[in-house]
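Chain letters run A, B, ... following the sequence lines, proteins first, then strands; residues in each count from 1.
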Protein chains: 2
Amino acid sequence: MGRSEHRGGIQLPVTPTTLADVAERAGVSRQTVSNAVNKPDLLRPDTLERVRQTIAELGYSPNRAARNLRTRTSSLIGLRFTPTQEGTANAAMDRFVHSLVEASEEAGYAVLLFAADDEDPVGGYDNLLRSTAVDAFVVTDTYLGNPQATWLTQQRAPFVAFGRPWDDDAARHVWVDVDGAAGTRLATQHLIDRGHTRIAWIGWRKDSPIGEDRRSGWLTTMHDNGLPTTGLASRVEDVVHSGAEAAAVLLDESAPTAFVCASDTLAMGVLHTLWIRQLAPGRDIAVVGFDDSQVAQVYPVGLTSVRQPLEDVAVEIVRTLRQLLSHQPVETRGVLLEPTLAIRESS
Amino acid sequence: MGRSEHRGGIQLPVTPTTLADVAERAGVSRQTVSNAVNKPDLLRPDTLERVRQTIAELGYSPNRAARNLRTRTSSLIGLRFTPTQEGTANAAMDRFVHSLVEASEEAGYAVLLFAADDEDPVGGYDNLLRSTAVDAFVVTDTYLGNPQATWLTQQRAPFVAFGRPWDDDAARHVWVDVDGAAGTRLATQHLIDRGHTRIAWIGWRKDSPIGEDRRSGWLTTMHDNGLPTTGLASRVEDVVHSGAEAAAVLLDESAPTAFVCASDTLAMGVLHTLWIRQLAPGRDIAVVGFDDSQVAQVYPVGLTSVRQPLEDVAVEIVRTLRQLLSHQPVETRGVLLEPTLAIRESS
DNA sequence: GGCGCTCGTTGGATCGATCAAGGGGGCAGC
DNA sequence: GCTGCCCCCTTGATCGATCCAACGAGCGCC
């Protein structure tokens, strides 16, 4: 019974209203109220109306715990929250999380965040899974040989990865990703359209498949346009000063008129070098970054940058998750989305 | 019973292990197993050991839904996730959320994210509260006259606000905040120590209490040091070009040698103006921002910025929440934490 | 009018944990 | 040897929803 008490003149519920309260008040049984909530078309219209009105009067909401217990679902999606690394510009998590929360909410899910210590990469997942605290996971950090995807697959836990299983052909899980090569193709073609012919690449070290993917977009576009690439590429760590150094070396040795970078962080390094050499970004030398981070948006000159469609990624992930959870056959094993180019003054 | 089946040679649990399974296997009752988990000191050491071993053998984790139903708690903290506005540098959410997740986890809580449409600001809160989906809330957007805090107080819902109830003296809720004035005092004193005497302020419009607070730190420090402030302050919108314009006007009219800004976004505007006028940040003109955003960190020159102790804020919030939830008297109604200054080349 | 069928409704059982009492064994005291 | 007491553990009830099987009213058909 939803008891209540008077306090300070306002009637406040002490125990929340239950299904039984509504049933009694509306003069029907519990099951009928449950049906009114979950399968409205089973009720006669007038009964439905009456029950709904009672629900509104009493301000009833189904108790999550009870529902979860009975249905063995939680309507929660687990996401391990990995913060942006300090000193880099890649703030994709912020935008992605928001998109995921919104997309989930429309599908009736909420997002549960958890952390995980580095010693035990699957610890957090294991806990939530065994205690049936979440229905599914979204895995974001699909770096080379990451253990989470493999482990979750073994456990037959439903999950969708944001990111391709680059190395592992045997991986049978579902993923959504953004076509990085298409992004750098966009960037490179954009620069070619502006008349540039000597376009340099600054990317990540070779052991990053994401970096190599992005690099390939630059490479193929240059080749397709019959433009030179020798001496115009550099692979460094993803920190600002590495980008700056690489830009300095490339400027000295190969005289490029434009740079395509694997990240906004590296692009910032390039801009730094330009600034030191009194070169104007966009006028003297063009620069394009990757991720459309806040840095790209608020940098005084305005950094042109490849923008990942994170909203679409989130929608796609939730759509796929729903298929997985409803035991429908999943249409496609992987979905690749096209990024766009946010053009600003630097190019 | 935790049934299991053979598939692919590996034994996989179909139904998770329950308390009863453990009890049967260990030769004790359900309650004893429950006590072994929750009140270990009630058991005889040898029994405890035996039960614990059985729990480990079977890989048992308590079912969250069942526990939640019985105890009327969820071990979840609700947080409305508001993404960073595009075009601004204030990415505090990212760092704060991570800190909150970590602090919560140590206290046995997880963070539940939800969105809310602007039409119904309390909609998300209401749903989660009535369905007893979360134990408490963390409210971050305590702007002037925000309805959430008031509403939650009325509902007697446990929550802690990140941010002071500026306008509302009647607000009786608990809060944790960062002392913005102390931050700008740090920044201003830092510039004075470097020999600057004409230090300008660029802040937000007057209707922002946070902005006025930060402004007061600059003002008092200037006065305390007997330095002039007339003609050296400007209040604009929190976008880059407004900051740039304000800097231009101030430079022309009052010839400051340093700027203290209410945000990194505005500081970026100042740097833009300096760049246009060929003035070197840090050498010709000093600039200090606020929030220590990624922009400040990766900007080529390195922007000195006030850094909010978000990790400490999160810890303090969780500590306070636990007091609230355990019905202990809360020690203090509000906690004010001191920011630090991240000094870089721009000053 | 009776039969069978459909649709809506009903009471009981169930999910898996914790709460609140109740029971049994061992040890000390007389 | 019996009683009393305490400690440790067990048993039945409960949280609030949904699933299940069965029941009842209304209707059409013969």
Chemist: So if I define the base as every atom that isn't primed, P, OP1 or OP2, how would nucleotides 6-14 of chain C read as a B/S/- string at a heavy-atom cutoff under 4.0 Å?
Modeler: --SSBBBBB
Chemist: Apply salt bridge (charged side-chain N to carboxylate O under 4.0 Å, His left out) to B:Glu311 and list each qualifying residue two or more places apart in sequence or on a separate chain.
Modeler: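 So B:Glu311 forms a salt bridge (charged side-chain N to carboxylate O under 4.0 Å, His left out) with B:Arg95.
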Chemist: Could you state the atom-to-atom distance from NZ of B:Lys39 to C1' of C:dT18 in whole Å?
Modeler: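 These atoms are roughly 8 Å apart.
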Chemist: Take the protein atom CZ of A:Arg67 and the nucleotide atom P of C:dA17, then report the distance between them rounded to whole Å.
Modeler: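 Distance, rounded to whole Å: 21 Å.
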Chemist: Between C:dT18 atom C1' and B:Asn63 atom CG, what is the distance in whole Å?
Modeler: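 Between C1' of C:dT18 and CG of B:Asn63: 13 Å.
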Chemist: Using only side-chain N and O atoms of A:Arg72, determine if any of them is under 4.0 Å from OP1 or OP2 of C:dC15.
Modeler: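 Checking C:dC15 against A:Arg72, no side-chain N or O comes under 4.0 Å of OP1 or OP2.
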Chemist: Name all pairs fulfilling the side chain to side chain donor-acceptor pair (under 3.5 Å) condition that reach into residues 51-62 of chain A, sequence neighbours left out, sorted by first residue then second.
Modeler: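 Every pair satisfying side chain to side chain donor-acceptor pair (under 3.5 Å) with a residue in residues 51-62 of chain A: A:Arg25-A:Glu57, A:Ser61-B:Arg130.
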Chemist: A:Ser34: what forms a side-chain contact (heavy atoms from CB on, under 4.5 Å) with it, not counting sequence neighbours?
Modeler: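 Listed in chain order: A:Leu19, A:Asn38.
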Chemist: For D:dC15 and B:Asn68 - does any side-chain N or O of the residue sit under 4.0 Å from the phosphate oxygens OP1/OP2?
Modeler: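 No, B:Asn68 has no side-chain N/O under 4.0 Å of OP1/OP2 on D:dC15.
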Chemist: Once you round it to whole Å, what is the distance between C1' of D:dC9 and CG of B:Leu48?
Modeler: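 My rounded result for the distance is 13 Å.
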Chemist: For side-chain contact (heavy atoms from CB on, under 4.5 Å), just list the numbers for B:Trp175 and B:Val160, CA-CA rounded to whole Å, side-chain angles, deciding distance to a tenth of an Å, and then say yes or no.
Modeler: CA-CA 5 Å; B:Trp175 53 266; B:Val160 174; 5.6 Å; no
Chemist: Bend angle of the helix from C:dG1-D:dC30 to C:dC30-D:dG1 from five-pair axes at both ends, rounded to 10°?
Modeler: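 The end axes of the helix from C:dG1-D:dC30 to C:dC30-D:dG1 are about 50° apart, to the nearest 10°.
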Chemist: Between D:dA17 atom P and B:Arg130 atom CZ, what is the distance in whole Å?
Modeler: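 Answer to the nearest Å: 12 Å.
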Chemist: Using OP1 and OP2 only, check whether a side-chain N or O of A:Ser34 sits under 4.0 Å from D:dT18.
Modeler: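 Yes, such a contact exists.
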Chemist: In terms of relative ring orientation, are B:His173 and B:Phe159 parallel, tilted or perpendicular, with 30° and 60° separating the classes?
Modeler: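 Geometry flag for B:Phe159 against B:His173: tilted rings.
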Chemist: Can you list everything that forms a side-chain contact (heavy atoms from CB on, under 4.5 Å) with B:His98? Sequence neighbours excluded, please.
Modeler: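 B:His98 satisfies side-chain contact (heavy atoms from CB on, under 4.5 Å) with A:Phe81, A:Pro83, B:Glu102 only.
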